[in-house]
Student: 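I'd like to ask you about the structure that follows.
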Amino acid sequence: MTEIIHLSQLPANLLPALTDLHLATMPTLLTELGKPFVLRYYQLAQADPTVIALVARSTASHPLPSTALPPSSGENDLLGYCLGSPCPSSLTARLRSPAAWFAKHILSATFSHPSVLLQLAQSTLFASKANTLQPGQIELTYIGVAPQARGYGLGTKLLTAFAESAQKTGYTSIALSVETDNLPALALYAKFGFRITQTFTEGRYHRHRMEYRLGT
Ligand SMILES: CC(C)(COP(=O)(O)OP(=O)(O)OC[C@H]1O[C@@H](n2cnc3c(N)ncnc32)[C@H](O)[C@@H]1OP(=O)(O)O)[C@@H](O)C(=O)NCCC(=O)NCCS
């Protein structure tokens with residue numbers, strides 16, 4: 001069985017497993033910064049009541065193989081996640097403190113991935129106004145499903161739970177940015193009901209801005 005739980009319900013000892021899943025599925029700047037940053041990001045997200053984050057996990061190994069269920073290798077496997085916030089930049093800004101922790105880990109990230117500094121500079125210099133949230137909007141920042149669990153409807157389940165939570169909290173729409181060549185994600189969003197509101201360039205990335213109106 002697969003269940004969707006809120007990140008706040010995920011035991012702290014499973015945050016490293018969620019971090020590993022994020023690293024394996026989400027090739028973004030946060031991933032480039034490395035495991036300490038991703039783990040800290042989820043710790044901060046877990047403690048932030050404005051963040052809506054959901055985790056899909058397998059609750060038991062399946063007694064009978066079924067093509068309708070994602071494969072699982074054991075109990076409590078984490079199979080997917082999604083996370084959104086009304087102010088994504090404030091969540092990432094909190095990664096800069098405590099200053100000593102940040103200095104130590106950014107130095108080590110720079111040594112292992114020298115391109116990280118350039119990407120950090122580009123993300124600041126080329127940040128597009130297209131990403132600005134409108135009143136009543138929440139940003140869907142990340143969504144990912146483990147490679148072996150894709151194509152079983154988990155991405156849709158996560159989006160459905162995210163939309164329900166966002167609507168209950170009082171948001172009127174969900175916004176997101178997606179690279180124009182990410183065809184599986186674009187297909188998921190389009191099938192769910194997101195529509196493209198803008199197409200823009202941010203540094204070397206070409207992105208669509210998409211919106212899903214809640215309660216329609
Ligand atoms: C995008 C992602 C979350 C989809 O998860 P998923 O669990 O496979 O999605 P679903 O099974 O719910 O698929 C829903 C619909 O999306 C479309 N879709 C999903 N994957 C697709 C693919 N590889 N090719 C074409 N269409 C696809 C299909 O229309 C599908 O509906 P259908 O199965 O009834 O035809 C997953 O591919 C992923 O984790 N990708 C890497 C992370 C990522 O790119 N995240 C988005 C960043 S913006």
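Remember, it's 1-based here, ligands and their atoms both numbered in the order they're listed. For the numbers below, each heavy atom of this structure counts, side chains included, while hydrogens, waters and symmetry mates do not.
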Student: Do any heavy atoms of Y189 fall under 4.0 Å from ligand 1?
Tutor: yes

Student: Mind checking the NE2-OG1 spacing from H105 to T110? Nearest 0.5 Å is all I need.
Tutor: 12.5 Å

Student: At what distance is the nearest protein heavy atom to atom 37 (O) of ligand 1, and which residue and atom is it?
Tutor: R150 CD, 3.4 Å

Student: Below 4.0 angstrom from a heavy atom of N182, which ligand 1 atoms are there? Numbered from 1 as shown, please.
Tutor: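 That gives atoms 43 (C), 44 (O), 46 (C), 47 (C) of ligand 1.
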
Student: Does the protein put a heavy atom less than 4.0 Å from atom 33 (O) of ligand 1?
Tutor: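 Looking at atom 33 (O) of ligand 1, one finds that no protein heavy atom lies closer than 4.0 Å.
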
Student: Taking atom types as modelled, find out whether H208 and T180 have a side-chain donor-acceptor pair closer than 3.5 angstrom.
Tutor: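 The criterion, which ignores hydrogens and geometry beyond distance, is not satisfied for T180 and H208.
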
Student: Taking the six-membered ring for Trp and the single ring otherwise, decide whether the centroids of Y142 and Y41 are under 6.0 Å apart.
Tutor: yes

Student: Assess the side chains of N131 and E139: does a donor N or O sit below 3.5 Å from an acceptor N or O?
Tutor: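 Short answer, no.
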
Student: Would you please determine whether L183 falls within less than 4.0 Å of ligand 1 on a heavy-atom basis?
Tutor: no

Student: Would you mind telling me if ligand 1 is within reach of the side chain of Y142, the backbone, both or neither, using heavy atoms under 4.0 Å?
Tutor: neither

Student: I'd like to know if the side chain of S85 and the backbone of C87 have a donor-acceptor N/O pair within less than 3.5 Å.
Tutor: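 The answer is yes, because a donor-acceptor pair under 3.5 Å joins these two groups.
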
Student: From C82 SG over to I143 CD1, what is the distance, rounded to the nearest 0.5 angstrom?
Tutor: 5.0 Å

Student: Quick one: look up the protein heavy atom nearest atom 8 (O) of ligand 1 and list residue, atom name and how far away it is.
Tutor: G151 N, 2.8 Å

Student: Verify the distance criterion only: is there a donor paired with an acceptor across the side chains of R209 and S177 at less than 3.5 Å?
Tutor: yes

Student: Using a strict 4.0 Å cut-off to heavy atoms of G144, name the atoms of ligand 1 that fall inside it.
Tutor: 39 (O)

Student: Less than 6.0 angstrom separating the ring centers of Y212 and F192, yes or no?
Tutor: yes

Student: Of the listed options (G80, G155, A187, A185), which comes nearest to atom 27 (C) of ligand 1 when hydrogens are ignored and any heavy atom counts?
Tutor: A187

Student: What protein heavy atom sits nearest atom 24 (N) of ligand 1, and how far off is it?
Tutor: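 Looking at atom 24 (N) of ligand 1, the protein heavy atom closest to it is P184 CA, 4.3 Å.
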
Student: What protein heavy atom sits nearest atom 2 (C) of ligand 1, and how far away is it?
Tutor: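 Atom 2 (C) of ligand 1 sits closest to the protein heavy atom L188 CD2, 4.3 Å.
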
Student: Looking only at distances, can you tell me whether any N or O atom of V145, backbone or side chain, sits closer than 3.5 Å to an N or O atom of ligand 1?
Tutor: yes

Student: For ligand 1, which is the ligand I care about here, please tell me if T156 has any N or O atom under 3.5 Å from one of the ligand's N or O atoms.
Tutor: yes

Student: What part of L158, side chain from CB on, backbone N/CA/C/O, both or neither, has a heavy atom under 4.0 Å from ligand 1?
Tutor: neither

Student: Would a hydrophobic clustering, with Ile, Leu, Val, Met, Phe, Trp and Tyr connected at side-chain separations under 4.5 Å, put L140 with F200?
Tutor: no

Student: Are side-chain N/O atoms of E211 and Q137 paired as donor and acceptor at under 3.5 Å?
Tutor: yes

Student: Any N or O on T25 sitting closer than 3.5 Å to an N or O of ligand 1?
Tutor: no

Student: Starting from atom 45 (N) of ligand 1, locate the nearest protein heavy atom and write down its residue, its atom name and how far away it is, to 0.1 Å.
Tutor: I143 O, 2.8 Å

Student: List every atom of ligand 1 that sits less than 4.0 Å from any heavy atom of L154, numbering the atoms from 1 in the order shown and giving each element.
Tutor: 7 (O), 12 (O)

Student: Side chains of L54 and H6: closer than 4.5 Å at any heavy-atom pair?
Tutor: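 Side-chain contact under 4.5 Å: yes.
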
Student: Is it true that the NZ or CZ of R40 lies under 6.0 Å from the centre of F37's six-membered ring and within 45 degrees of the ring axis?
Tutor: no

Student: Which option, A56, G153, A24, owns the non-hydrogen atom nearest atom 11 (O) of ligand 1?
Tutor: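 The option holding the nearest heavy atom is G153.
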
Student: Does K191 approach ligand 1 within less than 4.0 angstrom via side chain, backbone, both or neither, non-hydrogen atoms only?
Tutor: side chain

